[in-house]
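Below you'll find the structure, written out as structure tokens, and then a few comments.
Naming: A, B, ... by sequence-line order, numbering from 1 per chain. What's counted below: heavy atoms across the whole structure, side chains too, no hydrogens, waters or symmetry copies.
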Number of protein chains: 2
Amino acid sequence: MDTYQKILTCAAELFAEKGFEAVSMRDIASQAGMRAPSLYNHFRDKQSLYQATLHEVFSQHNTALIGVLTSTDDPHGKLQQVVHISLLKMAEEPNFRLLLQRELLQNERDRLQFLAEEVMADTCHQLQAILQLINPQADHHFVITSLMGHLLFHVQIAQMRDFLPGVEDKHADLAYLSQQIYDSLLKSLK
Amino acid sequence: MDTYQKILTCAAELFAEKGFEAVSMRDIASQAGMRAPSLYNHFRDKQSLYQATLHEVFSQHNTALIGVLTSTDDPHGKLQQVVHISLLKMAEEPNFRLLLQRELLQNERDRLQFLAEEVMADTCHQLQAILQLINPQADHHFVITSLMGHLLFHVQIAQMRDFLPGVEDKHADLAYLSQQIYDSLLKSLK
DNA sequence: GTCTATAGGCGGATAGAC
DNA sequence: GTCTATCCGCCTATAGAC
């Protein structure tokens with residue numbers, strides 16, 4: 001892995017964990033085994049490094065999902081796979097979810113537009129086509145939004161689940177969660 | 001309103017909008033019509049001010065919800081009201097949602113435990129009792145988590161809805177959203 | 001392409017006058 | 001209880017040696 005990629009990887013980790021403001025160029029450089037000024041040979045400034053990090057993480061995640069969405073499965077199987085794989089990927093590699101959720105907390109219009117168009121639009125369109133086959137009458141925009149909310153929130157809440165009432169062993173099982181989310185998705189489609 | 005409360009109000013606004021790291025004591029003081037050192041007559045340091053802000057905003061929101069949850073309505077009516085009022089309150093006064101979501105992004109165990117026990121536990125228990133009356137067989141923990149995810153995410157996504165595919169006018173209507181969320185909640189309970 | 005040294009600004013926090 | 005003045009550290013970013 002070349003230096004450029006090494007920096008992006010470390011930056012993704014730190015920005016995801018602590019957020020843009022809480023991470024210094026020294027932190028990133030240190031993580032990447034160099035000094036802060038060296039970063040400026042690869043990125044114009046901190047903002048550029050952050051943007052490049054977002055682009056890297058988001059596009060990687062998207063191409064991973066497209067494989068599932070363009071498979072030849074029937075609509076139900078595809079839907080189930082999307083839920084399952086999204087959960088798995090977000091659980092084992094939290095950078096995508098964290099960076100996305102941090103960006104969602106910004107209320108600058110152009111950053112939200114970037115998120116919508118560059119990160120979510122493709123997946124939404126693919127999902128829409130699938131839902132169309134299952135139930136053309138349903139409110140697809142609502143259902144897709146609900147699905148994204150489900151996926152993000154259930155993974156996010158995993159770390160504090162032990163502190164919440166009514167929790168059982170099965171809730172730590174991603175396969176069970178995935179099944180529940182898929183079930184309630186289908187029910188809300190009918 | 002005394003100075004103490006004035007500071008808390010301004011701090012809540014700024015912390016919610018920009019996050020802890022991105023807000024300086026000078027920013028808060030300026031918003032409250034004073035100079036930064038004056039803040040230290042009311043709060044030991046920035047962390048204390050932040051904690052006090054969280055406590056203020058979270059407890060206010062919780063007491064507002066308890067009124068609904070302890071009303072004498074039937075379970076279905078209560079549930080519908082909880083959804084509706086939560087959406088309304090979060091839409092018109094975003095500080096609670098933003099501070100909650102920012103705290104959820106931390107992965108420090110004790111802060112998550114604080115959130116779970118001081119912010120969510122009461123509401124969860126009340127909801128659990130309601131769900132028990134509707135369908136004792138259902139996975140209440142999952143349903144309640146889903147509901148919270150729904151509420152938070154649909155309000156959050158409101159600002160970028162125009163950029164997402166398949167959006168229609170009705171999606172900007174809180175009453176419609178509230179109905180949809182309640183409907184899918186009931187369906188996933190059956 | 002990486003380093004040291006450093007500029008220049010902003011951050012949290014305190015001292016002490018009023 | 002609020003202010004001005006100030007300390008001191010960390011920040012981003014650049015200059016220039018190697």
Please set out all donor-acceptor pairs under 3.5 angstrom arising from side-chain atoms of residues 2-10 of chain A, sequence neighbours excluded.
from, atom 1, to, atom 2, distance (Å)
D2(A), OD1, Q5(A), N, 3.2
T9(A), OG1, Q5(A), O, 2.9

**DNA chain D-proximal residues of residues 5-13 of chain A, any heavy atom under 4.0 Å** = none
**Prompt:** How many Å lie between NE2 on H42(A) and P on dG1(C), as a whole number?
**Reply:** 6 Å
Would you give me the side-chain donor-acceptor pairs under 3.5 Å for residues 181-190 of chain B, sequence neighbours excluded?
from, atom 1, to, atom 2, distance (Å)
D183(B), OD1, Q179(B), NE2, 3.1
S184(B), OG, Q180(B), O, 3.4
S184(B), OG, I181(B), O, 3.2
K187(B), NZ, K190(A), O, 3.2

**Item:** Aromatic plane relationship, F142(A) with H150(B) - under 30° parallel, 30 to 60° tilted, over 60° perpendicular
**Value:** parallel
**Prompt:** In whole angstrom, what separates M34(A)'s CE from dC3(C)'s P?
**Reply:** 7 Å
Please set out all donor-acceptor pairs under 3.5 angstrom arising from side-chain atoms of residues 115-127 of chain B, sequence neighbours excluded.
from, atom 1, to, atom 2, distance (Å)
E117(B), OE2, Q113(B), NE2, 3.0
H125(B), ND1, A121(B), O, 3.1

**Prompt:** For residues 59-93 of chain B, which residue pairs qualify under ring pair (Phe, Tyr, Trp, His ring centres under 6.0 Å), counting only residues two or more places apart or in two chains?
**Reply:** H61(B)-F96(B)
Output side-chain donor-acceptor pairs under 3.5 Å for residues 14-39 of chain B, partner residues at least two apart or in another chain, one line each.
from, atom 1, to, atom 2, distance (Å)
S24(B), OG, R26(B), N, 3.4
S24(B), OG, D27(B), N, 3.0
S24(B), OG, D27(B), OD1, 3.3
S24(B), OG, D27(B), OD2, 3.2
D27(B), OD2, S24(B), N, 3.0
S38(B), OG, R35(B), O, 3.4

**Asked** Under the side-chain hydrogen bond (donor to acceptor under 3.5 Å, both in side chains) test, which residues partner N135(A), sequence neighbours left out?
**Response** none
**Message:** I'd like to compare against my own output: the B/S/- annotation of nucleotides 4-18 of chain C with a strict under-4.0 Å heavy-atom distance to protein.
**Reply:** BB-----BBBB----
**Prompt:** Which other residues end up in the same hydrophobic cluster as L105(A), if Ile, Leu, Val, Met, Phe, Trp and Tyr are linked when side-chain heavy atoms come under 4.5 Å apart?
**Reply:** L98(A), L98(B), L105(B)
